[in-house]
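By convention here, the first residue in the shown sequence is residue 1. Here the structure is a predicted model, which is why all the values come from computation and not from measurement.
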Amino acid sequence: MAEAADFQGMGHSPARRWLWRAASLIAGAPLLGALLAGTGAPAAQAAPKATGARTVAVSLDTLTPSAPVKGDTLVVSGTVTNKSRSAVTDARVDLRVGPPLSGRTAIDDAAERSPETAADVPPLGGKYKVDLKKLAPGVPYTFSLSVPVGKLGLDEDGVYQLGVSVSGDTKDAPYEHVVGIQRTFLPWQPDATGKRTQITYLWPLISTTHLSAQTGSDDQQTPVFENDDLAKELAPGGRLDQMVSLGSQLPVTWVIDPDLLASADAMAGNYRVRSGDTTVPGKNQAVARQWLNSLEKAVQDRKVVALPFADPDLASLAHRGKDVSGSLSQLQPATEAAVSTVDTVLHVTPSVDFAWPVNGAIDPSIVDVATSAGANKIITRSDSLQDNLSYTPTAARPIGGGTTAVVADARLSTAFDHAMTSADDSILAVQKFLAQSLAVTLQQPENQRSIVVAPQRMPSVAQAQSMAKALHSLDPERWTQPSDLLAAAAAKPDADANTKVPSASRYPKKLRSQELSTKAFQEIRTTQDGLDKFKTVLSLPDRVDAPFSNAINRALSTSWRGNRAGGREYREAVDSYLRTLTAEVQLVPKSDLTLSGRSATIPVTVQNNLLQGVEHLMLRLESDNPTRLKIDGSRDVAEQRIKIDGGHSQSVRFSAAGNANGPVEVTAQLYTADGKPYGKSMRFEVKVSEVTPTVLLVMAGGVLLLALAGVKMYSRRKRAAARRAAAVAGDGESVPGDDDRGVDPGQRSDPTPDTGPESASASDTGEKVDR
């Protein structure tokens, strides 16, 4: 009987019901006027005081079902907390249901209403309330309300505003008035519509950069991760684990960054993680394998869109990268890598026809860059490519040059951008999403449209769960039906929809301020040039090409937005490691030489500390003073090809000819096959010491003196022998042989080598090069 008394108008016409509500409002007008008069603080006040309708905070924990039908019972529960310093007495929690809202803008306006307009509709009253008596300051109190949907006064299809209010007496206002309220929306369409709105929901699998350019020296090239943060995202309960688990049960289009797949696949095997100046073995192989297995099952027979490898920042490339030679050439290889990576890891063939600029913001230069790698469909957003229509048009529309803009709905796409740190945040976001989706259908129920939702690139766990809850609430397909991105792009465009790409001046300043700088692109260009040069001298260039090319793609990633310092550190680390490898092929430092005589050989040692061989290198030796010292015959510059196995060194000999005494600076430099200098040059001094005519005259005089001395010694020995022979003849003794002091004519001096043995170490100071 009480129920009948409280809701006596529920079974009557809408006119009588609204007369009853109007009477209630009139009766409460003096009270409401007093309330508003006492709380006239400006809405823009930074930190409103806990007075009036802001005295008590209302937080929702449950609102089910999100989109009720006839026969359902609406359950609303939550907590109320007194934010003031004094108690609230005779407190009561009520439900308030407002009239249906007329359109999407009305929903936006209602969401922004201040608590001061709390009592614009009367409470349901009767038994559908909770008496809490006294609310002590700072103490949370729970409540739960269950109301049959038939008692809510929902008539025509539409979006109703649902309020959960707290009334009571306060010290400053000792009479019953609203001291707190939380508003949300209740979509109502109990029966399925004839032409349901097609909704395509993108489900992004994107992460930040984790892999470095460094790999192990083993045959498998063990990957090295910058950190082990990816394992946390892949582990059960982690962000990416939840994205796969939730997405596997939803009608969504998977949008995947192939770099994430490559990183997870690398983690599934042996890998190492940076730890200070060294690396340690990674231990999360099982986590990566389990995640990849789950993802592979989830995407089978589903639409998969692959972004270019590492999700390059298209806007940065268009606005800054175009000024640096070669930057745009990265896109095509990144797109090709996307196809092979997804096919190899997930065994599905992805679509690579779509480009997705940050937040869907576009201008003509972004469109040009996005389509330069082969994409002919661009995912933009309705707050970038705006329409001046009274309804929401179909997402697909031609923008010229054979390119289709797929315009995601901005309201629906940003519905879950907030932190979602509480159940209240999630409920409000879900209910507003459902309300907006129903409002789209009700705009032109006879005209079926195709709508796309492109959420944030890397949703948190809470955001992903809220998104999934909203999509599950559409399961009955009363006003929507699921679609996929390829079908949405192929839908018939609306003839009245805007197809003009906005000018560059309309690109959001906030997004532009987050872009990679021109200097960043110059640094990436320098690294790419160094890589190209390094590869030309290697016997196995593929061992460095893949890891460094992928690292360069990662340096262009959209994920560096908001992390400028991190992007700079990553670029510097990649370039530094490349320089370290390049320096492993070098000239061994050489000390000054002395050249005695007119000609000699000059040795120069090249050392290869890499684990693979180098080839196609040229060693060039050049004399600064060819008049004094010529290299390789009559020329002042000599060249020799170099080919050295890994872990070895090679000593290369050049012939040199001295024409005049004095020091000469000689430069040694390695060159690639196309004539570009490789590594640092090496300079050393050669001291030329020529044998002059004066020196020869002195030497001839010395030889003559030696000859005369020999003749004199021979004469003396002959006379001595004659005297001994005469004496022996007189005594009858035999004549002895040569004197014991004679020289054996067969004896020779030991030869000495022309140069010292080859060595990878620097030569000794004052090295002498003999003829």
Side-chain angles (χ1 to χ4, degrees), residues 204-215 221 223-226 230 255-267 305-318 320-322 324-345 350 352 354-358 366 369-370 372-375 457-458 515-517 520-532 534-535 541-561 563-564 566-578:
L205 284 184
I206 302 172
S207 185
T208 55
T209 295
H210 299 284
L211 268 173
S212 71
Q214 184 177 351
T215 60
Q221 290 189 268
V224 176
F225 282 73
E226 296 287 352
L230 180 59
V255 180
I256 300 177
D257 175 8
D259 180 34
L260 172 59
L261 300 183
S263 299
D265 190 56
M267 184 174 283
V305 171
L307 301 174
F309 193 93
D311 187 19
D313 193 333
L314 300 176
S316 293
L317 282 165
R320 315 290 176 89
K322 64 181 180 182
V324 179
S325 174
S327 295
L328 299 183
S329 63
Q330 304 288 342
L331 278 180
Q332 185 62 44
T335 301
E336 294 170 357
V339 177
S340 60
T341 302
V342 175
D343 183 57
T344 300
V345 178
V352 291
F354 293 86
W356 189 13
V358 174
I366 295 176
V369 167
S372 65
R457 269 174 153 76
M458 289 184 278
E515 293 175 351
L516 293 172
S517 64
F521 285 102
Q522 291 170 342
E523 294 169 350
I524 294 170
R525 178 72 260 173
T526 298
T527 302
Q528 182 65 60
D529 289 343
L531 175 62
D532 293 341
F534 187 44
K535 290 190 301 182
D542 290 344
R543 284 182 64 89
V544 298
D545 185 30
F548 274 102
S549 294
N550 290 340
I552 289 173
N553 286 332
R554 294 181 184 112
L556 297 169
S557 176
T558 300
S559 65
W560 296 120
R561 285 184 175 249
N563 186 15
R564 189 176 295 252
R568 181 175 59 253
E569 291 173 3
Y570 185 80
R571 294 192 300 272
E572 291 175 350
V574 173
D575 189 69
S576 176
Y577 182 57
L578 178 60

Asker: What pair of heavy atoms forms the shortest contact from Pro258 to Pro308, and how long is it?
Answerer: CD-O, 4.1 Å
Asker: Taking the side chain from Ser372 and the backbone from Val369, do they hold a donor-acceptor pair closer than 3.5 Å?
Answerer: yes
Asker: How close do Asp257 and Ile206 get, heavy atom to heavy atom, and via which atoms?
Answerer: CB-CG1, 4.1 Å
Asker: Report yes if some heavy atom in the side chain of Asn553 is under 4.5 Å from a heavy atom in the side chain of Asp259; otherwise report no.
Answerer: no
Asker: Please round to the nearest 0.5 Å and tell me the distance separating atom CG of Asp575 and atom CG of Asp529.
Answerer: 10.5 Å
Asker: Quick one: do Val342 and Val352 satisfy side-chain contact (heavy atoms from CB on, under 4.5 Å)? Show the steps, please.
Answerer: CA-CA 11 Å; Val342 175; Val352 291; over 6 Å; no
Asker: Once you round to the nearest 0.5 Å, how far does CZ of Arg525 lie from CD1 of Ile552?
Answerer: 8.0 Å
Asker: Does Ala337 offer a backbone N or O that forms a donor-acceptor pair with the side chain of Thr341 under 3.5 Å?
Answerer: yes
Asker: Do the side chain of Ser212 and the main chain of Val224 share a donor and acceptor less than 3.5 angstrom apart?
Answerer: yes
Asker: Which pair of non-hydrogen atoms, one from Ser316 and one from Arg561, has the smallest distance, and what is that distance?
Answerer: OG-NH2, 3.9 Å
Asker: Could you check if a side-chain atom of Asn563 sits within less than 4.5 angstrom of a side-chain atom of Thr208, using non-hydrogen atoms only?
Answerer: no
Asker: Which pair of heavy atoms, one from Lys535 and one from Val544, lies closest together, and at what distance?
Answerer: CG-CG2, 4.1 Å
Asker: Is the shortest side-chain heavy-atom distance between Leu516 and Arg571 below 4.5 Å?
Answerer: yes
Asker: Salt bridge or not for Arg457 and Asp311, using N-O below 4.0 Å?
Answerer: yes
Asker: Can you classify the ring geometry of Phe548 versus Tyr577 as parallel (below 30°), tilted (30 to 60°) or perpendicular (above 60°)?
Answerer: parallel
Asker: Shortest non-hydrogen contact from Ala338 to Phe309?
Answerer: CB-N, 4.2 Å
Asker: So do Gln528 and Gln330 actually touch side chain to side chain, heavy atoms under 4.5 Å?
Answerer: yes
Asker: Can you tell if the side chain of Pro312 reaches within under 4.5 Å of the side chain of Leu317, non-hydrogen atoms only?
Answerer: yes
Asker: Any chance you could measure Thr527, atom OG1, to Phe534, atom CZ, to the nearest 0.5 Å?
Answerer: 13.5 Å
Asker: What is the distance from atom CZ of Arg564 to atom OG of Ser517, rounded to the nearest 0.5 Å?
Answerer: 6.0 Å
Asker: Could you pull out the closest heavy-atom pair between Ser559 and Ser207, with the gap in Å?
Answerer: CB-O, 4.2 Å
Asker: Is there a donor-acceptor pair closer than 3.5 Å between any side-chain N or O of Gln221 and the backbone N or O of Arg543?
Answerer: yes
Asker: Kindly indicate, with the supporting measurements, whether the criterion side-chain contact (heavy atoms from CB on, under 4.5 Å) is fulfilled by Leu314 and Leu331.
Answerer: CA-CA 9 Å; Leu314 300 176; Leu331 278 180; 4.0 Å; yes
Asker: Does Trp560 use its side chain to pair, donor to acceptor, with the backbone of Arg554 at less than 3.5 Å?
Answerer: yes
Asker: With no hydrogens and no angle check, is any side-chain donor or acceptor of Arg320 less than 3.5 Å from a backbone partner on Phe521?
Answerer: no
Asker: If we ignore hydrogens and angles and just use 3.5 Å, is the side chain of Asp313 paired with the main-chain N or O of Leu556 as donor and acceptor?
Answerer: no
Asker: What distance separates Leu307 CG from Thr558 OG1, expressed to the nearest 0.5 Å?
Answerer: 8.5 Å
Asker: Checking Ser263 side chain against Leu211 main chain: does a donor-acceptor pair fall under 3.5 Å?
Answerer: no
